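Report on the following structure.
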Amino acid sequence: MMAVSSLLHMQPIPIPPLQSHHSPLSTTLPKRTLILHQNPNPNPSRPAKMVAHVGSVQSAVSEAVKLIQSSPPTWQSALLNNLLIFVLGSPILVSGLSLAGIAAAFLLGTLTWRAFGPSGFLLVATYFIIGTAVTKVKMAQKEAQGVAEKRKGRRGPGSVIGSSAAGCVCAFLSIFGIGGEAFSQLWKLGFVASFCTKLSDTVSSEIGKAYGKTTYLITTLKVVPRGTEGAVSIEGTIAGLLASILLAYVGCFIGEIRAAEAIVCIISSQIANVGESLIGAALQEKEGFQWLDNNAVNIINISMGSIIAILIQQTVFRI
């Protein structure tokens, strides 16, 4: 009991309070409070803008497709289609035309598409591909004989114009509706006939220079060297006839002309080529006719082919 009584009368021992010891660094640096900020202005319109941008692109593509497919053709659709085809076909164009020739061909292609649509353009493209191919045949041999086309067969704007002048006239007559509906098919016939004539002339000349065993001056039938103006060969004449048949068939197949009109184109092209050879033999490079160069003769040639085809259709066939 005495032990318990002594424990009850013991005095409490005072315990000093804990002291906080601060380092100098903690007293000099200001206190910072970490606060997490949320973007008060999120951009909810960004997805909407992206959707609108995609929509505008799709709309532009849709409008371009409609323009390409527009029927009847417009100047805008003709220009766009021609541009796309020229970009895709640039390797072929560069092999057959000079830069100035490509520019002239671009104008021709645009005009052709505007007047006669994709079928007319396809006809001209077929003419160009075949004509370029035969020009390259035995090029080294032709160069050695001095009868090859200049620039390795790459034709300039003069050749393009000389080859297409009559076709361009028919295209303008069709665009402006000269003669109305009754004459619209005549302008198509003249257009196809002009290119049948020119392809026949080109093929007969190039194949004759490459493979002709004997060439004759058409006015005297005397044997003359290959490449002589007004000279013809059996090989070249047959090749030229086959070329006109092929292009006339293409024109019929794509719907530019009818079967009977294809026959008209073949006949008129051969008559015109005989006339072209006569002009070359009698007048070209003669005194007083220095202006009558190849391009001028080409214009006369294709004009004859186009006009003769229209006259035959109107007077003989009456299709």
Side-chain angles (χ1 to χ4, degrees), residues 95-98 100-101 104-105 127-166 194-247 268-305:
S95 69
L97 296 169
S98 66
Y127 153 77
F128 173 75
I129 292 171
I130 297 175
T132 300
V134 297
T135 301
K136 304 289 186 182
V137 171
K138 288 195 173 185
M139 178 59 71
Q141 172 187 304
K142 294 174 186 175
E143 288 178 332
Q145 295 174 348
V147 296
E149 290 291 329
K150 299 177 182 178
R151 299 182 295 268
K152 298 288 184 180
R154 297 174 68 228
R155 301 177 186 272
S159 179
V160 173
I161 295 171
S163 302
S164 63
S194 71
F195 283 100
C196 286
T197 301
K198 185 57 191 139
L199 182 63
S200 179
D201 173 54
T202 300
V203 171
S204 63
S205 175
E206 295 298 333
I207 295 301
K209 288 187 286 187
Y211 297 103
K213 294 179 180 179
T214 307
T215 52
Y216 306 91
L217 193 65
I218 194 170
T219 52
T220 63
L221 297 182
K222 290 182 178 179
V223 177
V224 292
R226 294 176 181 175
T228 302
E229 295 297 342
V232 296
S233 68
I234 295 175
E235 296 83 358
T237 301
I238 294 174
L241 174 61
L242 293 176
S244 67
I245 293 173
L246 175 61
L247 196 62
S268 64
S269 68
Q270 299 312 297
I271 295 173
N273 282 338
V274 171
E276 188 259 358
S277 295
L278 289 171
I279 292 172
L283 301 176
Q284 196 169 355
E285 298 180 352
K286 300 298 191 293
E287 184 68 28
F289 292 93
Q290 288 80 2
W291 58 271
L292 198 62
D293 59 5
N294 282 333
N295 294 331
V297 173
N298 285 337
I299 292 175
I300 295 172
N301 179 30
I302 60 176
S303 298
M304 285 193 298

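For the single chain, residues carry numbers from 1 onward in sequence order. Everything numeric here is computed off the predicted structure, so don't read it as measured data.
Separation of atoms CD1 (I299) and CD1 (I302) is listed at 6.5 Å; rounding is to 0.5 Å. Rounded to the nearest 0.5 angstrom, Y211 OH and S233 OG are separated by 12.5 Å. With rounding to the nearest 0.5 angstrom, the CD atom of E229 is 10.0 Å from the CG atom of D293. Atom CD1 of I300 and atom CD1 of I279 lie 5.0 Å apart (nearest 0.5 Å).
The shortest non-hydrogen separation linking S194 to A166 is CB-CB, 4.0 Å. For N301 against A272, the heavy-atom pair with the smallest separation is OD1-O, 3.2 Å. When all heavy atoms of S200 and Q270 are compared, the pair lying nearest together is OG-NE2, 3.1 Å. Across I207 and E235, no two heavy atoms sit closer than the pair CG2-O, 4.1 Å. Scanning both residues, F195 and S163, for their nearest heavy atoms gives CE2-O, 3.9 Å. Between G101 and V160, the shortest heavy-atom distance links the atoms O-CG2, 3.8 Å.
Side-chain atoms of I130 and L199, non-hydrogen and from C-beta on, do get closer than 4.5 Å to each other. Counting only heavy atoms from C-beta outward, the side chains of Q284 and N294 approach each other to under 4.5 Å. The side-chain heavy atoms of K142 and T135, taken from C-beta on, include no pair separated by under 4.5 Å. Side-chain contact between T228 and T215 is absent, with no heavy-atom pair separated by less than 4.5 Å.
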Go through K138 and Q145 one step at a time and tell me if the side chain to side chain contact (heavy atoms under 4.5 Å, CB included) criterion holds.
CA-CA 11 Å; K138 288 195 173 185; Q145 295 174 348; over 6 Å; no

Mind running side chain to side chain contact (heavy atoms under 4.5 Å, CB included) on N295 and I161 for me, showing each step along the way?
CA-CA 8 Å; N295 294 331; I161 295 171; over 6 Å; no

Checking Y216 against V223 for the side chain to side chain contact (heavy atoms under 4.5 Å, CB included) test, could you report, in this order, the C-alpha distance in whole Å, the side-chain angles of both residues, the deciding distance, and whether it holds?
CA-CA 5 Å; Y216 306 91; V223 177; 3.9 Å; yes

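Looking only at distances, a side-chain donor or acceptor of S244 sits under 3.5 Å from a matching main-chain atom of L241. Panel note: side chain S204, backbone D201; a donor-acceptor pair is recorded below 3.5 Å. At distances below 3.5 Å, not a single donor-acceptor pair connects side-chain atoms of R155 with backbone N or O atoms of G96.
Atom CD1 of I234 has 12 or fewer heavy atoms from other residues, nucleotides or ligands within 6.0 Å. Heavy atoms of other residues, nucleotides or ligands lying less than 6.0 angstrom from NZ of K286 number more than 12.
Using a 4.0 Å cut-off between charged nitrogen and carboxylate oxygen, E149 and R154 do not count as a salt-bridge pair. Of the charged side-chain nitrogens involved, at least one lies within less than 4.0 Å of a carboxylate oxygen, so that E143 and K152 count as a salt-bridged pair.
Residues E276 and N298 bring no donor and acceptor atom of their side chains to less than 3.5 Å of each other.
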